[in-house]
Amino acid sequence: MKTALLLLLLPFLVTIQVRLSSSSSNSSSSSSSSSSSSVVHDSAGKELRKGRDYYILPVIRGKGGGLTLSSTRNKTCPLDVVQEQLEVSRGLAVRFSPKESVRVRVSSDINIKFSASTICVQSSSVWKLDRHDDVTGQWFVSTGGVEGNPGPETLSNWFKIEKYENDYKLVFCPTVCNYCKVLCRDIGIYYYPHGDGKRLLALSDSPFRVFFKRA
């Protein structure tokens with residue numbers, strides 16, 4: 001009787017097993033696809049990697065070139081991060097240092113530094129969010145930051161890359177301190193009203209739409 005019952009149930013058990021295996025496979029495939037899509041890619045479709053040199057370039061043409069270093073705001077050191085005024089100028093290459101991975105992922109905390117050394121001997125080329133500028137009311141992106149050592153002491157040194165429609169944007173919203181209150185905003189271009197009208201990177205409601213090109 002038991003043998004006959006098992007024979008009757010066997011086709012149903014096989015069907016259930018096949019469906020479970022298929023579901024598990026699809027779930028794994030979906031997870032793998034999701035993981036892959038969270039990685040930032042350069043203009044050639046390759047993953048951004050820690051320690052490699054890249055140019056950060058504007059998607060919108062005719063509004064300046066890549067990013068570089070410059071003395072602005074009536075100060076010399078540390079140098080600020082600015083956009084080249086000429087579209088043909090790629091600027092200086094940068095390197096990304098993710099907090100936890102070799103690959104640069106969307107929405108993950110990263111340090112950004114220029115590959116070139118700065119003329120400011122006592123300042124690094126690591127990006128940091130500078131203190132509030134009372135003259136302009138802006139928060140500018142400068143250099144002189146510290147690479148690594150995530151925590152409350154280094155909050156101003158951590159940035160993120162976020163998807164922006166089909167492109168990318170830079171964001172300041174560090175998550176390296178669970179109990180810290182942080183300022184979260186996009187990074188855009190601020191046209192400095194004094195001097196020669198330099199284009200400074202600053203917190204903004206109008207994000208700087210960018211892509212990454214391997215140097």
Side-chain angles (χ1 to χ4, degrees), residues 39-98 104 106 110-120 123-130 133 136 138-145 147 156-172 185-215:
V39 178
V40 181
H41 294 86
D42 64 16
S43 57
K46 297 183 178 180
E47 298 177 344
L48 258 64
R49 290 273 178 167
K50 177 180 180 179
R52 293 181 180 176
D53 291 349
Y54 299 92
Y55 293 109
I56 301 178
L57 300 171
V59 171
I60 300 176
R61 301 179 64 86
K63 291 188 176 182
L67 304 179
T68 188
L69 289 162
S70 181
S71 59
T72 64
R73 299 183 285 152
N74 297 320
K75 69 181 183 69
T76 53
C77 295
L79 301 177
D80 287 336
V81 181
V82 304
Q83 183 188 20
E84 294 276 12
Q85 297 193 16
L86 298 178
E87 181 183 343
V88 294
S89 299
R90 292 183 175 179
L92 299 175
V94 302
R95 292 175 183 171
F96 302 103
S97 296
V104 180
V106 172
I110 56 172
N111 292 136
I112 306 174
K113 68 176 181 180
F114 285 106
S115 303
S117 58
T118 170
I119 59 173
C120 299
S123 298
S124 71
S125 61
V126 178
W127 291 20
K128 72 173 183 181
L129 185 69
D130 207 355
D133 187 273
T136 61
Q138 302 294 317
W139 297 83
F140 293 108
V141 179
S142 190
T143 54
E147 187 174 5
S156 62
N157 306 324
W158 296 94
F159 297 85
K160 293 181 179 180
I161 298 172
E162 301 279 6
K163 284 292 293 181
Y164 187 42
E165 297 176 349
N166 294 325
D167 306 307
Y168 294 103
K169 64 179 179 179
L170 301 174
V171 173
F172 180 80
R185 291 183 66 186
D186 294 331
I187 295 176
I189 302 296
Y190 177 79
Y191 293 85
Y192 198 67
H194 309 291
D196 55 359
K198 290 182 178 179
R199 305 173 181 184
L200 283 68
L201 258 63
L203 300 190
S204 173
D205 294 328
S206 301
F208 181 40
R209 191 189 295 259
V210 301
F211 68 96
F212 309 97
K213 184 178 180 61
R214 181 77 187 272

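In this text the structure is predicted, and so the values were computed from the model without any measurement.
In this structure K63 satisfies the side-chain contact (heavy atoms from CB on, under 4.5 Å) test together with I60, sequence neighbours excluded. For F208, there are no ring pair (Phe, Tyr, Trp, His ring centres under 6.0 Å) partners two or more places apart in sequence or in a different chain. Evaluation of the side-chain contact (heavy atoms from CB on, under 4.5 Å) rule for P98 yields K50, V104, I110 as partners, not counting sequence neighbours. In terms of the side-chain hydrogen bond (donor to acceptor under 3.5 Å, both in side chains) criterion, R52 has no residue partners (sequence neighbours excluded). Under the rule for a side-chain hydrogen bond (donor to acceptor under 3.5 Å, both in side chains), S125 has no partner lying at least two apart in sequence or in another chain. Listed by chain and residue number, nothing satisfies the side-chain hydrogen bond (donor to acceptor under 3.5 Å, both in side chains) test with S123 (two or more places apart in sequence, or in another chain). D42 meets the salt bridge (charged side-chain N to carboxylate O under 4.0 Å, His left out) test with no other residue; sequence neighbours excluded. Looking at residues two or more places apart in sequence or on another chain, you find no side-chain hydrogen bond (donor to acceptor under 3.5 Å, both in side chains) involving Q85. For S43, the side-chain contact (heavy atoms from CB on, under 4.5 Å) criterion is met by F211, K213, not counting sequence neighbours. In this view, T118 and L69, L79, C120 satisfy the side-chain contact (heavy atoms from CB on, under 4.5 Å) rule, not counting sequence neighbours. In this structure, R214 has no salt bridge (charged side-chain N to carboxylate O under 4.0 Å, His left out) partners at least two apart in sequence or on a different chain.
Side-chain contact between R49 and Y54 is present, with heavy atoms from C-beta onward closer than 4.5 Å. Annotation: side chain of K128 is in contact with side chain of N157 (closest heavy-atom distance under 4.5 Å). You'll find the side chain of T136 reaches within 4.5 Å of the side chain of Y192, heavy atoms only.
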Stepwise side chain to side chain contact (heavy atoms under 4.5 Å, CB included) test for K198 and S70: CA-CA 9 Å; K198 290 182 178 179; S70 181; 2.5 Å; yes
Side chain to side chain contact (heavy atoms under 4.5 Å, CB included) evaluation trace for T143 with V81: CA-CA 7 Å; T143 54; V81 181; 4.2 Å; yes
Stepwise side chain to side chain contact (heavy atoms under 4.5 Å, CB included) check, V40 with Y168: CA-CA 9 Å; V40 181; Y168 294 103; 3.7 Å; yes
E162 vs D186, side chain to side chain contact (heavy atoms under 4.5 Å, CB included): CA-CA, chis, key distance, verdict: CA-CA 9 Å; E162 301 279 6; D186 294 331; over 6 Å; no
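What you find for Y164 and R209 is that their closest heavy atoms are CE2-NH2, 3.4 Å. Here the closest heavy-atom approach between residue E147 and residue S97 is recorded as OE2-OG, 2.6 Å. Considering all non-hydrogen atoms of both residues, G65 and P58 come closest at O-CD, 3.1 Å. When all heavy atoms of S142 and D80 are compared, the closest pair comes out as OG-OD1, 2.9 Å. Here the closest non-hydrogen pair linking G64 and Q83 is C-NE2, 3.4 Å. For the pair Y191 and R199, the tightest heavy-atom approach, listed with the atom from each and the gap, is CE2-NE, 3.5 Å.
Ring geometry for F159 versus W127: interplanar angle over 60°, hence perpendicular rather than tilted (30 to 60°). The aromatic rings of Y190 and F140 sit perpendicular, their planes meeting at an angle over 60°, well past the 30° parallel limit.
To the nearest 0.5 Å, the span separating OG1 on T68 from OH on Y55 amounts to 10.5 Å. Here the CD1-CD1 distance, from I161 to I187, works out to 10.0 Å after rounding to the nearest 0.5 Å.
Ion pair D130/R73 flagged as a salt bridge, since at least one NZ, NE, NH1 or NH2 atom sits closer than 4.0 Å to an Asp/Glu carboxylate oxygen.
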Quiz: residues 86-96 side-chain donor-acceptor pairs under 3.5 angstrom, not counting sequence neighbours:
from: E87; atom 1: OE1; to: G62; atom 2: N; distance (Å): 2.9
from: E87; atom 1: OE2; to: R61; atom 2: NE; distance (Å): 3.2
from: E87; atom 1: OE2; to: R61; atom 2: NH2; distance (Å): 3.0
from: R95; atom 1: NE; to: D53; atom 2: OD1; distance (Å): 2.5
from: R95; atom 1: NE; to: S115; atom 2: OG; distance (Å): 3.4

